[in-house]
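What follows is one structure encoded as structure tokens, with my remarks underneath.
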Amino acid sequence: DVEDVRITSLSTTSATIGVSNDDNLLTLAANLVTVAGAVTASGDVTINTDAFVVTASNGNTAVKGTLSSVGTFTVNTNKFSAAADTGNTAVGGTLAVTGGATLSSTLGVTGVTTLSDDLIMAENAAVITHSGTTSLTITSTTAFVDVESVR
């Protein structure tokens, strides 16, 4: 023992370091450090130069490789989440997509839907179904509406 620091299990391949009431907090081996307990850092944490960096002053984290999660992934409680068991994704704000979007299932929309370009339906016998209890109105705010082959 050196004051309150203990070095135990000292060998040519590993060493264990701790304190008098917990003598195995740190284990050193070839190219490996194992910490048995919490790690607290007051400065930046950097792994392999820039592969993973946490900036101490603001908590900003940079991950250079792939970030994966086996549990539900959540941002700021309810702003964005992806459920681990289903993959269902919820976005609490506006979803802005600059590229195309391909959906392999039904698109469910609650509220007004605005399309700023053509609506093209490729189904051979496409159907527009109105399930409301009153009427269906097709209008144009600036010109006329063409309807072809009405039966």
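- The heavy-atom pair separating Ala126 from Met121 by the smallest distance is CB-CE, 3.1 Å.
- Note on Val147 and Ile138: same hydrophobic cluster, where clusters join Ile, Leu, Val, Met, Phe, Trp and Tyr whose side-chain heavy atoms are under 4.5 Å apart, directly or indirectly.
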Chi angles and distances behind the side-chain contact (heavy atoms from CB on, under 4.5 Å) call for Leu25, Val19: CA-CA 8 Å; Leu25 289 175; Val19 293; 4.2 Å; yes

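- A donor-acceptor pair under 3.5 Å is formed between the side chain of Ser69 and the backbone N or O of Gly71.
- Proximity of a side-chain donor or acceptor of Ser81 to a complementary backbone N or O of Lys79 within less than 3.5 Å is not detected.
- Remark: side-chain polar atoms of Ser140 are paired, donor with acceptor, to backbone N or O of Ala143 under 3.5 angstrom.
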Stepwise side-chain contact (heavy atoms from CB on, under 4.5 Å) test for Asn78 and Asn76: CA-CA 6 Å; Asn78 62 353; Asn76 199 16; 5.9 Å; no

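- One finds the CG atom of Asn88 at 10.0 Å from the OG1 atom of Thr72 (value rounded to the nearest 0.5 Å).
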From CA spacing to verdict: side-chain contact (heavy atoms from CB on, under 4.5 Å), Leu95, Val97: CA-CA 6 Å; Leu95 175 64; Val97 179; 4.0 Å; yes

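- Although no hydrogens or angles enter the test, the distance criterion places a donor-acceptor pair under 3.5 Å between the side chain of Asn58 and the main chain of Asn60.
- For the residue pair Asp50 and Val53, the shortest heavy atom distance occurs at CA-CG2, 3.8 Å.
- Residues Val63 and Val75 do not share a hydrophobic cluster, defined by chaining ILVMFWY side chains whose heavy atoms lie under 4.5 Å apart.
- The CD1 atom of Ile47 lies 13.5 Å from the NZ atom of Lys64; values are rounded to the nearest 0.5 Å.
- Criterion: ILVMFWY side-chain heavy atoms under 4.5 Å apart, direct or through other members. Under it, Ile17 and Val39 are part of a common hydrophobic cluster.
- Leu107 and Leu115 sit in two unconnected hydrophobic clusters of ILVMFWY residues. Membership requires side-chain heavy atoms under 4.5 Å apart, directly or through other members.
- Val145 and Thr139 make their closest contact through CG2-C, 3.9 Å (heavy atoms, listed as atom of the first residue, atom of the second, distance).
- Scanning both residues, Val35 and Leu26, for their nearest heavy atoms gives CG2-CD1, 3.7 Å.
- Heavy-atom contacts from other residues, nucleotides or ligands closer than 6.0 Å to CD1 of Ile128 number 12 or fewer.
- A donor-acceptor pair under 3.5 Å is absent between the side-chain atoms of Thr55 and the main chain of Asp44, judged by distance alone.
- For Leu136, the CG atom counts as densely surrounded, since its 6.0 Å shell holds more than 12 non-hydrogen atoms of other residues, nucleotides or ligands.
- Across Thr89 and Ala82, no two heavy atoms sit closer than the pair OG1-CB, 4.2 Å.
- For the pair Ala56 and Ser42, the tightest heavy-atom approach, listed with the atom from each and the gap, is CB-O, 3.5 Å.
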